[in-house]
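Keep in mind it's a predicted model, so treat the numbers as computed, not measured.
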Amino acid sequence: MTPSPPRLLLVHGAWSGPWVFDRLGAELRARGFSVDTVALPTIGSTVDMYADAAAITEKLDAADGPVTLIAHSYGGIPATQAGDHPAVERLVYIAAFALDEGETLQQAVGGGIPEFWGIADGKVSMGRSREERIAMITADLPAGVPPELAEEIADTFHPQSLGAFTSPVTRVAWKAKPTTYVLTQRDELVPPAFQEHLVSRSGADVVRVDTGHTPFEDDPAWFAGVLADALAPTEVAK
């Protein structure tokens, strides 16, 4: 009997929302996957990373069966915190911060305040201006993409709680769960060398893709295939 495709819970990154997975989710559903997303409450607020982890836990509590937890970028931090949940059968990090106990995102990016963080009222913006945000996104997109796309993406980003970036991880799911890491080799936002460090430390299975930071936006149909291949059951010889 052919096993059913796993249930997927997709966790978005910083400054964005579950809508970033709209096209990827449609492609995955077309392949037979059950797909759900979670809106992280640190977007537009001053709550901390643990509120994001609680939102993931609430989704996992309601899951009807085992779940593969897939996290992008910052989303890897609350996924690491919440991913030791009994419903989680596998973690998948996409260019994500697979941090260890006691670590914070701020520490992972150098410990200080990065130049591209615009901080006001307890919240952090990606870029200190819209122009800076557009330039960062443009640098990460494939060559030949219309410049209007970077503007459209930039305008969907919202300030996020500084507490999301300064809350230390207290539970480390990748130490207890099977883990896959999708490493983005042309990433301008999370350096590939740092991703290699995370892979080496976690012992995750690694899938390397020749893309920038958001492969599911560059080509969602292709990336759905990458995930489907990574999650395919391994044949055991008899």
- State plainly whether the residues Lys175 and Asp100 are in salt-bridge range, i.e. N to O under 4.0 Å. yes
- Item | Minimum heavy-atom distance between Ser167 and Met49, given as atom pair plus value | OG-N, 3.3 Å
- Query: CG/Leu40 to OG/Ser45 distance, rounded to the nearest 0.5 angstrom?
  - Reply: 10.0 Å
- Would a hydrophobic clustering, with Ile, Leu, Val, Met, Phe, Trp and Tyr connected at side-chain separations under 4.5 Å, put Phe33 with Val11? no
- Message: So does Leu69 get a backbone contact from the side chain of Lys177, meaning a donor-acceptor N/O pair under 3.5 Å?
- Response: no
- Query: Do Ile56 and Phe21 belong to the same hydrophobic cluster, where Ile, Leu, Val, Met, Phe, Trp and Tyr are linked whenever their side-chain heavy atoms lie under 4.5 Å apart, directly or via other members?
  - Reply: no
- Query: Between Tyr50 (side chain) and Val169 (backbone), is there a donor-acceptor pair under 3.5 Å?
  - Reply: no
- Message: Please determine whether side-chain hydrogen bond (donor to acceptor under 3.5 Å, both in side chains) holds for the pair Thr68 and Arg7, giving the CA-CA distance in whole Å, both sets of side-chain angles, and the decisive distance to 0.1 Å.
- Response: CA-CA 6 Å; Thr68 295; Arg7 297 171 179 84; over 6 Å; no
- Query: Are Lys59 and Asp36 close enough for a salt bridge, meaning some N to O gap below 4.0 Å?
  - Reply: yes
- Ion pair present between Asp210 and Arg186, side-chain N to carboxylate O less than 4.0 angstrom? yes
- Query: Is there a ring-ring contact (aromatic ring centres under 6.0 Å, His included) between Phe216 and His72 once you walk through the steps?
  - Reply: CA-CA 10 Å; Phe216 49 85; His72 177 239; 4.8 Å; yes
- Message: How long is the straight-line distance from CZ of Arg133 back to OG1 of Thr156, given to the nearest 0.5 Å?
- Response: 9.5 Å
- Task: Taking Thr214 for its side chain and Glu217 for its backbone only, find out whether a donor-acceptor pair lies under 3.5 Å.
- Result: no
- Inter-residue atom distance Leu198.CG - Leu183.CG, 0.5 Å rounding: 9.0 Å
- How close do Asp48 and Thr42 get, heavy atom to heavy atom, and via which atoms? O-CG2, 3.2 Å
- Task: Taking the side chain as every heavy atom from C-beta outward, state whether Ile94 and Ile70 have any pair of such atoms under 4.5 Å apart.
- Result: yes
- Item | Residue pair Ser200 / His197, side-chain heavy-atom distance below 4.5 Å | no
- Task: Compare all side-chain heavy atoms of Phe157 with those of Ile137 and state whether any distance is below 4.5 angstrom.
- Result: yes
- May I ask you to test the Asp84-Val88 pair for a side-chain heavy-atom distance under 4.5 Å? no
- Item | Sub-4.5 Å side-chain heavy-atom contact between Thr37 and Leu9 | no
- Item | Worked check of side-chain hydrogen bond (donor to acceptor under 3.5 Å, both in side chains) between Ser73 and His213 | CA-CA 8 Å; Ser73 195; His213 191 58; 2.9 Å; yes
- Message: Tell me whether Leu28 shares a hydrophobic cluster with Leu231, the cluster being built from Ile, Leu, Val, Met, Phe, Trp, Tyr side chains joined at under 4.5 Å.
- Response: yes
- Task: Report the distance from atom CG of Asp64 to atom OG of Ser34, rounding to the nearest 0.5 Å.
- Result: 8.5 Å
- Message: For a quick test of reading the model, state the closest non-hydrogen atom pair linking Val190 to Ala95 and the distance between them.
- Response: CG2-O, 3.9 Å
- Task: Examine Val207 and Leu10 and state if one hydrophobic cluster contains both, with Ile, Leu, Val, Met, Phe, Trp and Tyr joined whenever side-chain heavy atoms are less than 4.5 Å apart.
- Result: yes
- Check whether the side chains of Thr179 and Arg90 place a donor and an acceptor atom closer than 3.5 Å, and report yes or no. no
- Check the side chains of Tyr93 and Thr80 for a donor-acceptor pair under 3.5 angstrom, ignoring hydrogens and angles. yes
- Message: As a quick check of understanding, evaluate side-chain contact (heavy atoms from CB on, under 4.5 Å) for Val109 and Phe97, giving each step before the final call.
- Response: CA-CA 10 Å; Val109 297; Phe97 290 88; 4.3 Å; yes
- Query: Under a 4.0 Å N-O cut-off, is there an ion pair linking Glu103 with Arg201?
  - Reply: yes
- Message: Would you say that Met126 contacts His158 through its side chain, given a criterion of any heavy-atom pair below 4.5 Å between the two side chains?
- Response: no
- Query: Between Leu8 and Val67, which heavy-atom pair has the shortest distance, and what is it?
  - Reply: C-CG1, 4.4 Å
- Task: Can you establish whether the number of heavy atoms outside Glu58 located under 6.0 Å from its atom CD is more than 12?
- Result: no
- Task: Please write out which residues are connected to Val47 in a hydrophobic cluster, directly or through intermediates, given that two of Ile, Leu, Val, Met, Phe, Trp, Tyr count as joined at side-chain heavy-atom separations below 4.5 angstrom.
- Result: none
- Just how far is it from atom CD1 of Ile153 to atom CG of Leu149, taken to the nearest 0.5 Å? 4.0 Å
- What do the steps show when you test Gln195 against Thr184 for side-chain hydrogen bond (donor to acceptor under 3.5 Å, both in side chains), and what is the final call? CA-CA 8 Å; Gln195 295 184 52; Thr184 46; 3.0 Å; yes
- Query: Between Ala51 and Pro41, what is the shortest heavy-atom contact and its length?
  - Reply: O-CG, 3.5 Å
- Query: Got a donor-acceptor contact below 3.5 angstrom from the Gln107 side chain to the Thr104 backbone?
  - Reply: yes
- Centres of the His12 and Tyr74 rings: under 6.0 Å? no
- Would you check, one step at a time, whether the test side-chain hydrogen bond (donor to acceptor under 3.5 Å, both in side chains) holds for Asp218 with Thr211? CA-CA 8 Å; Asp218 295 354; Thr211 72; 4.9 Å; no
- Can you tell me how far the CD atom of Gln160 sits from the CG atom of Leu105, to the nearest 0.5 Å? 9.0 Å
- Item | Joint hydrophobic cluster, Tyr181 plus Phe223, side-chain heavy atoms closer than 4.5 Å | no
- Query: Is the shortest heavy-atom distance from the side chain of Thr170 to the side chain of Gln81 under 4.5 Å?
  - Reply: yes
- Sidechain-backbone polar pair: Ser125 side chain, Arg128 backbone, donor-acceptor under 3.5 Å: no
- Query: Any chance CG of Asp121 has more than 12 other-residue heavy atoms, nucleotides or ligands included, within less than 6.0 Å?
  - Reply: no
- Message: Between Phe165 and Trp15, is the ring centroid distance below 6.0 Å?
- Response: yes
- Message: A side-chain contact here means heavy atoms from C-beta on lying under 4.5 Å apart; do Trp117 and Leu162 qualify?
- Response: yes
- Item | Distance-minimising heavy-atom pair for Trp222 and Pro215 | CZ3-CB, 4.0 Å
